[in-house]
Amino acid sequence: MKQYLSKHAGPKLQLVLVCTFIITIIFRGQFIGELSNRQHVWLTASTVKFTDIWINEGPINSDFLLIEEPASIDHPEIKDRTIYSSQPSGSIIPIYVLKKFFPKVDTLLIVHSYSLINHFLIALSSYWVVVLLLREKVKSKLSHIFGLLSGTSYLLIPATLYWHSIVYFTDIAVILPFSLVILLETKIRVDKNCPKYYLIFQSICLFIMTIMEYFAIPTAISIFFFRSLVKPDSFKEKGLKVIIRNCLQIFLPVAIGLLLFLVQLAKHSKINILVERFTLRTGLNSSGQEIFNNGGILKIFSHLDWIYGLLILFSILYIYKRFLKVRAPEFLIPVSGFSACILQIILLLNHSIIHSFSVLKLYYPFSITFFGIIPGIFFFEKNHTRNFVPNSFLYKQLCLYSLILIISLPSMFNWYKNPELTFTSTAKAIRDRFTYEDILFGFDGFNIKSNPPHYLALSQKLVKEIKSKRDLDSKIESLPPSGNLYFLYNKTKLRESKVC
């Protein structure tokens with residue numbers, strides 16, 4: 001850890017990264033702690049809903065599952081409610097822990113705050129990956145300059161600015177442990193005498209990834225493949241021994257995490273639902289969904305923004321080409337990161353085409369490559385040419401990359417469009433006034449369902465819609481006798497309502 005604390009470690013540049021992050025918070029502050037109907041805020045609302053259910057019922061009583069509806073007197077058991085079977089529940093755990101420590105803080109504010117912390121830590125990870133990879137090529141101070149450029153880019157790319165402030169669920173939560181896996185792999189590669197605890201920490205990060213999202217599988221495959229292709233210098237074993245060591249260290253934590261999730265679902269007979277969702281997300285069953293075609297490829301680029309989509313494509317082609325010529329760590333690490341992301345997109349192709357947040361993972365290896373490794377290697381190679389003026393060249397590089405970031409920033413505001421929710425105050429009033437024993441019926445078209453989850457995240461209480469007298473009679477017949485029944489209606493329509 002000495003290089004992180006030494007006078008050559010560039011603490012001032014890391015302070016610049018912190019200041020940049022604080023500035024981004026100021027710009028995004030007006031949207032923090034607000035639940036809206038913006039792009040994919042559905043995911044954030046789901047996180048709030050799932051967390052509050054764990055808080056109220058306990059994660060053990062919930063079998064550590066993601067349950068769509070809160071318990072009530074008419075639906076007390078898990079089997080009476082819908083289980084979200086598509087993803088593991090690990091992304092909820094840090095939010096739940098923070099909520100237990102700060103019970104009076106609104107869950108939504110905790111989600112947004114934790115997501116912002118994720119944003120900074122991923123950027124800091126990008127910073128250190130570049131520093132570690134370039135410190136042997138360029139001077140220590142220069143490696144920190146390129147590290148700062150890489151970390152700053154992850155903070156200022158419009159997509160990361162939006163997703164890491166407003167939206168939080170499995171696909172976004174998994175990027176932080178992924179960045180730590182890549183950082184630890186970098187340490188394993190560049191340290192000649194790699195301590196064993198780096199491998200242990202990396203296994204823990206892979207396990208955390210697994211209980212959050214399936215991205216752990218392509219990540220493990222990528223790390224294992226490139227370990228087999230280019231053995232780290234710190235590994236003393238050879239042949240079959242190193243293969244067995246890599247298998248145990250990389251795949252065992254992933255297998256344990258997947259097994260735990262399957263056991264959870266099997267207990268409630270939900271394996272078939274998982275299989276159905278898997279075939280849909282992979283594109284094996286594309287009924288009613290987009291499938292892999294030219295339009296699908298273009299849509300993936302549009303998810304990345306067209307400018308960044310082309311820059312990412314350039315970065316991938318460049319870094320793979322350089323790696324094929326020279327299998328050095330500064331090329332291998334970005335290639336392994338990109339390979340994991342590309343493999344994830346291929347494995348879950350339908351999911352990647354339909355959902356714009358699915359390609360967010362690409363921005364991490366992109367920030368390392370395009371804003372860190374490429375300018376660093378270009379500077380190193382230019383340094384060996386005649387008539388080279390390093391200060392002037394570095395200044396031009398920084399200006400060019402800063403210009404790219406600045407030009408794209410205005411597009412950030414396109415991400416924050418879409419209207420606010422209409423009945424926010426009503427949903428919060430329901431949360432404050434009604435309890436487990438209360439059953440709510442809504443008239444005049446008013447209801448709160450499990451999905452979309454926005455209003456249920458605020459109310460923590462379902463409201464069943466009544467459309468006719470027959471509908472009312474049938475619902476009342478099935479109610480438990482000890483429940484308290486309440487009608488919610490619009491006063492201005494009371495005289496017009498035949499039901500009331």
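Inter-residue side-chain proximity for Ile67 and Lys49 is flagged as unmet; no heavy-atom pair is nearer than 4.5 Å. Contact of the Ser165 side chain with the Ser115 side chain is not registered, since no non-hydrogen atoms from C-beta on lie closer than 4.5 Å. Between His40 and Trp163, the closest side-chain pair of non-hydrogen atoms falls below 4.5 Å. In this structure the side chain of Arg189 reaches within 4.5 angstrom of the side chain of Glu185, judged on heavy atoms. Contact check for Ser46 versus Phe50: side-chain heavy atoms found under the 4.5 Å cut-off. In this structure, Val16 and Lys12 have side chains that are not in contact, with every pair of non-hydrogen atoms separated by 4.5 Å or more. Leu206 places a side-chain heavy atom less than 4.5 Å from the side chain of Val181. Looking at Leu458 and Leu108, their side chains never come closer than 4.5 Å, going by heavy atoms from C-beta outward.
With sequence neighbours excluded, the residues satisfying side-chain hydrogen bond (donor to acceptor under 3.5 Å, both in side chains) with Thr24 are Arg28. When the ring-ring contact (aromatic ring centres under 6.0 Å, His included) test is applied to Tyr320, no partner is found at least two apart in sequence or on another chain. Residues passing the side-chain hydrogen bond (donor to acceptor under 3.5 Å, both in side chains) test with Asp106: none are found, sequence neighbours excluded. With sequence neighbours excluded, the residues that form a salt bridge (Lys or Arg N to Asp or Glu O under 4.0 Å) with Arg322 are Glu381. Every residue two or more places apart in sequence or in another chain was checked for a side-chain hydrogen bond (donor to acceptor under 3.5 Å, both in side chains) with Tyr214, and none qualifies.
Judged by distance alone, with hydrogens and angles left aside, the side-chain atoms of Gln344 form no donor-acceptor pair with the main-chain N or O of Pro218 at under 3.5 Å. A donor-acceptor pair is defined here as one N or O able to donate and one able to accept, closer than 3.5 Å; such a pair exists between the side chain of Ser150 and the backbone of Ser367. In terms of modelled atom types and a separation under 3.5 Å, the side chain of Thr160 and the main chain of Leu156 share no donor-acceptor contact.
Pairing each heavy atom of Ala457 with each of Val48, the nearest pair is O-CG1, 3.8 Å. The two residues Pro88 and Thr210 make their nearest non-hydrogen contact at CG-O, 3.5 Å. When all heavy atoms are compared, the tightest approach of Ser126 to Ile368 is OG-CG1, 3.6 Å. When all heavy atoms of Val190 and Leu132 are compared, the pair lying nearest together is CG1-O, 3.8 Å. Taking each heavy atom of Leu265 and Ser85 in turn, the nearest pair found is CD1-O, 3.9 Å. Of all heavy-atom pairs spanning Tyr198 and Lys187, the tightest one is OH-CE, 3.1 Å.
Within a 6.0 Å sphere centred on CG of Leu324, heavy atoms belonging to other residues, nucleotides or ligands number more than 12. By the 6.0 Å contact criterion, CZ on Phe278 is open, its count of non-hydrogen atoms from other residues, nucleotides or ligands being 12 or less. The number of heavy atoms from other shown groups lying within 6.0 Å of CZ (Phe224) is above 12. More than 12 heavy atoms of other residues, nucleotides or ligands lie within 6.0 Å of NZ in Lys231, so this atom counts as buried by the packing criterion.
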Output a table of donor-acceptor pairs, distance under 3.5 Å, between side-chain atoms of residues 91-101 and any protein atom two or more places apart or on a different chain; print 'none' if there are none.
from: Lys99; atom 1: NZ; to: Pro103; atom 2: O; distance (Å): 3.4
from: Lys99; atom 1: NZ; to: Val105; atom 2: O; distance (Å): 2.7
from: Lys99; atom 1: NZ; to: Thr107; atom 2: OG1; distance (Å): 3.3

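Ring orientation note: the planes of Tyr364 and Phe178 are nearly perpendicular, at an angle over 60° on the 30°/60° scale. Note on ring orientation: taking the six-membered ring where Trp is involved, the planes of Phe366 and Tyr308 are perpendicular (angle over 60°, cut-offs 30° and 60°).
Checked against His164 for a side chain to side chain contact (heavy atoms under 4.5 Å, CB included), the options Leu176, Leu155, Ile122, Leu116 give a single hit: Ile122.
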Inset, instruction - Carefully, step by step, assess Tyr127 and His144 under the rule ring-ring contact (aromatic ring centres under 6.0 Å, His included). - result: CA-CA 8 Å; Tyr127 176 105; His144 282 273; 5.7 Å; yes
Inset, instruction - Verify side chain to side chain contact (heavy atoms under 4.5 Å, CB included) between Cys205 and Phe207, making sure each step is shown before the conclusion. - result: CA-CA 5 Å; Cys205 290; Phe207 175 76; over 6 Å; no
Inset, instruction - Apply side chain to side chain contact (heavy atoms under 4.5 Å, CB included) to Leu405 and Tyr401, showing your working. - result: CA-CA 6 Å; Leu405 290 172; Tyr401 281 96; 5.9 Å; no
Inset, instruction - Could you please spell out the steps behind the side chain to side chain contact (heavy atoms under 4.5 Å, CB included) verdict for Ile208 and Val174? - result: CA-CA 8 Å; Ile208 293 171; Val174 78; over 6 Å; no
Inset, instruction - In sequence, state the C-alpha distance, the side-chain angles, and the governing distance for Gln14 and Trp128, and then conclude on side chain to side chain contact (heavy atoms under 4.5 Å, CB included). - result: CA-CA 10 Å; Gln14 293 172 74; Trp128 277 110; 3.7 Å; yes
Legend entry - Worked check of ring-ring contact (aromatic ring centres under 6.0 Å, His included) between Trp54 and Phe64: CA-CA 8 Å; Trp54 278 20; Phe64 289 95; 5.7 Å; yes
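With hydrogens and angles left out, the side-chain atoms of Tyr154 and His119 include no donor and acceptor closer than 3.5 Å. Of the N and O atoms on the side chains of Thr20 and Thr152, not one donor lies less than 3.5 Å from an acceptor on the other residue. Side chain to side chain, Arg431 and Ser459 fail the donor-acceptor criterion of an N or O pair below 3.5 Å. Judged purely by distance below 3.5 Å, without hydrogens or angles, the side chains of Asp63 and Gln264 never pair a donor atom with an acceptor atom. In summary, the side chains of Ser222 and Ser336 do not present any donor paired with an acceptor at a separation below 3.5 Å, with no hydrogens or angles considered.
For the atom pair Ser153 OG and Phe370 CZ, the distance stands at 9.5 Å (nearest 0.5 Å). Atom-to-atom distance recorded for Ile53:CD1 and Leu65:CG is 11.0 Å, nearest 0.5 angstrom. In this structure, CG on Leu149 lies 11.0 Å from CG on Leu17, to the nearest 0.5 angstrom. Here the straight-line distance linking atom CG of Leu343 with atom OG1 of Thr219 works out to 8.5 Å at 0.5 Å rounding. With values rounded to the nearest 0.5 angstrom, Ser228 atom OG is found 11.0 Å from Ile223 atom CD1. Distance OG/Ser89 to CD1/Ile211: 7.5 Å, rounded to 0.5 Å.
Between Phe226 and Phe323, the distance from one ring center to the other falls under 6.0 angstrom. For Phe169 and Trp42, the ring centers sit 6.0 Å or farther from each other.
Contact check on Lys196 versus Asp191 returns no salt bridge, with no Lys/Arg side-chain nitrogen under 4.0 Å from an Asp/Glu carboxylate oxygen.
A cation-pi contact links Lys361 to Phe215, judged by a cut-off of 6.0 Å to the six-membered ring centre and 45° from its axis.
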